[in-house]
Amino acid sequence: YGSLSQAERAYLHLDVGEALESLLGLHAPEMAAQLARHFEEASVPVKAAQYLLQAGERARRMAAHQEAVEHLERGQRLAAGLPAGPERTRLQLDLQISLAMTLVAMQGYASPAVDPAFARARELARTLEDPARLVHVLLGQMVFRLMRGDLQHVAAEGDEVLGLVQGLGDEGYLLTCHALLGVAFLYLGQHGRARQHLEATTGLYDPDRHGELAFQHGQDPGVAAWSFLARVLWLQGYPKEALACSESALKVATEIDHLYSQTIASLHIATLRAFLRQWPECQSMAEQARDLARRGGFGMWRANAAILRGTALAHQGRVEEGLRELTQAQYVWQATGAGLVAYGASCLADAYRLAGRREEGILALDESLYHSEEAWWQPEQYRLKAELLLLAPGDEPEAERLLQQALAQAREQGARALELRAATSLAGLLRSQGRSPEARARLVESYDGPCDGLDIPDCRDARRLLRELEGDLQPVAAGRG
């Protein structure tokens, strides 16, 4: 080989590449990286770039994301040298979309590298006037903005994108668009609208027909929809149904054997267990999610898993250890550019509460509330701030105001689970001030419904406080008699 001229080497690579194509047939994508090299050496850049696209896609499916980036960027360099025209633009667009999705998997949707990648893809798609590819890019940008916390923007643009998707008649894009809108409305605290969109996805989704979407879009829309529907159901006061939804998400993610979706499903189960204050189960699922994220190189989701694990540790008596993990994980999460910080900041503030570190907890909450569009968790943020204020005397009026605000906002959102928490905290404060009749009235109003037949910590706390309040009132009733 070393004695051949450059032209002879090119002909040799061309012969080998064409022979391999003929021999491999439909299995050619399995050798895409090798075929790309042969056609690149043979000075056939269009074929080389096409095979580099296949090699990048194959590496992404196997969670070899750095390898995928190298293939795709090399493909882009070759495609840039092709004659201008629709064929070149289409190839450049496909390479760019695949690169953007790979960056999402590696660095998270909120990474600063992701937005320029999708912006370039959007530019190419508009040049090509290809509605399907344009929708693919628009959905990717919606997810980026969602993770950055630009929730109103996503909700506003989502209606327009949904119209484009419905015009295409593509079920895969329709499933994804409904799921994205459902997540946006959840974070905005509009749980009824969120549930409608999420159930539109779960109602249409079929793993046999749609399981391949996870590999095309980077994440399975059914897994995402069931995961976030579980969150909505818990907020609305249906914990049993929420658990069933989260288990459905993990089952589908396992069936389609998609590592990224398995990671997401595991994280959501851990989150739901944290909502339910089932800390050993939360820790176990957070560790499962952490291990999956480590395998896939999903740094953003590894930080999310650490937030949940640190929270679970703090609530199981390992407060300082939990705080260390939480603090580091929250820093990593925010370093990715993620704008969705309300829940993680609340976990950190709650751990500070357990440690008796009042001022640090209040600071963590105040920073997460500043300019945040995340209305969904604000009732809990206000409640936690009140609990932190009550660690020292003198701020009872402000704590009561915050608890009243939490209660009103939770009711407005239809978030029965958060309403019960706020009502329980408020009733406890009122009782400590000798206002047991008022406290009982407030708690009864929020207790009826969400706790029917349920034995979960929030309900047990509310029941115990109700019994204590009724005991307070019995001597009063006897005296009147």
Side-chain angles (χ1 to χ4, degrees), residues 93 96-97 100-101 104 109-110 114-115 117-119 121-207 209-233 235-236 245 249 252 261 264 339-340 373-376 413-414:
L93 176 57
Q96 189 65 37
I97 290 173
M101 298 310 299
V104 165
Y109 276 107
V114 171
D115 193 34
F118 276 116
R122 187 170 185 164
E123 177 188 333
L124 289 165
R126 291 199 183 281
T127 301
L128 197 60
E129 296 183 356
D130 185 326
R133 284 180 169 86
L134 177 60
V135 163
H136 194 140
V137 174
L138 291 174
L139 290 171
Q141 283 196 306
M142 280 175 63
V143 181
F144 171 81
R145 292 192 174 111
L146 177 71
M147 292 303 299
R148 296 287 284 193
D150 299 331
L151 305 174
Q152 296 286 357
H153 186 109
V154 173
E157 188 174 78
D159 287 337
E160 180 184 347
V161 176
L162 183 58
L164 291 173
V165 169
Q166 289 168 333
L168 283 177
D170 185 299
E171 277 192 354
Y173 290 133
L174 186 62
L175 288 164
T176 300
C177 194
H178 274 302
L180 281 174
L181 283 169
V183 177
F185 284 121
L186 160 63
Y187 284 126
L188 286 167
Q190 300 178 35
H191 304 317
R193 294 185 71 180
R195 186 170 173 178
Q196 288 174 2
H197 282 290
L198 294 169
E199 287 181 338
T201 295
T202 59
L204 181 62
Y205 182 88
D206 177 357
R209 287 190 296 126
H210 303 123
E212 190 65 19
L213 293 172
F215 301 96
Q216 296 170 6
H217 297 183
Q219 182 176 343
D220 185 83
V223 171
W226 268 303
S227 295
F228 280 100
L229 181 57
R231 193 173 296 197
V232 173
L233 289 168
L235 286 163
Q236 291 183 326
C245 266
V252 170
S261 297
I264 296 301
L340 300 174
E373 296 181 18
E374 288 185 81
W376 77 289
Q413 293 178 3

For the pair Gln190 and Trp376, evaluate side-chain contact (heavy atoms from CB on, under 4.5 Å) and give the outcome as yes or no after the intermediate values. CA-CA 8 Å; Gln190 300 178 35; Trp376 77 289; over 6 Å; no
Excluding sequence neighbours, so at least two apart, what forms side chain to side chain contact (heavy atoms under 4.5 Å, CB included) with Ala117? Gln96, Ala100, Leu103
Sequence neighbours excluded, the answer for side chain to side chain contact (heavy atoms under 4.5 Å, CB included) partners of Glu212 is Arg61, Phe215, Gln216
Rounded distance (nearest 0.5 Å) linking atom [atom1] of [X] with atom [atom2] of [Y]:
X: Arg126; Y: Leu134; atom1: CZ; atom2: CG; answer: 5.0 Å
X: Leu235; Y: Gln413; atom1: CG; atom2: CD; answer: 8.0 Å
X: Leu198; Y: Arg231; atom1: CG; atom2: CZ; answer: 11.0 Å
X: Glu373; Y: Arg148; atom1: CD; atom2: CZ; answer: 13.0 Å
X: Glu374; Y: Leu340; atom1: CD; atom2: CG; answer: 4.5 Å
X: Leu138; Y: Tyr173; atom1: CG; atom2: OH; answer: 10.0 Å

For Thr201, side chain to side chain donor-acceptor pair (under 3.5 Å) partners two or more places apart: none
Taking all atoms of both residues into account, what is the closest heavy-atom pair of [X] and [Y], and its distance?
X: Val223; Y: Val252; result: CG2-CG1, 3.9 Å
X: Arg122; Y: Arg145; result: NH1-NH1, 4.0 Å
X: Ala125; Y: Leu93; result: CA-CD2, 3.8 Å

Would a distance-only check, ignoring hydrogens and angles, find a side-chain to backbone donor-acceptor pair under 3.5 Å from Gln219 to Ile264? no
Would you confirm whether Thr202, through its side chain, and Trp226, through its main-chain N or O, come within 3.5 Å as a donor-acceptor pair? no
Quick one: which residue pairs count as a salt bridge (Lys or Arg N to Asp or Glu O under 4.0 Å) with a foot in residues 173-197, not counting sequence neighbours? Arg195-Glu199
For residues 174-189, which side-chain N or O atoms pair as donor and acceptor with protein atoms under 3.5 Å away, sequence neighbours left out?
{"residue": "Thr176", "atom": "OG1", "partner": "Gly172", "partner atom": "O", "Å": "3.1"}
{"residue": "Thr176", "atom": "OG1", "partner": "His217", "partner atom": "ND1", "Å": "3.1"}
{"residue": "His178", "atom": "ND1", "partner": "His197", "partner atom": "ND1", "Å": "3.0"}

Are Glu171 and Tyr205 side-chain neighbours, meaning at least one heavy-atom pair lies under 4.5 Å? no
Heavy atoms, side chains only, cut-off 4.5 Å: are Met101 and Phe118 in contact? yes
Can you give the donor-acceptor pairs under 3.5 Å from side chains of residues 149-167 to other protein atoms, not counting sequence neighbours?
none

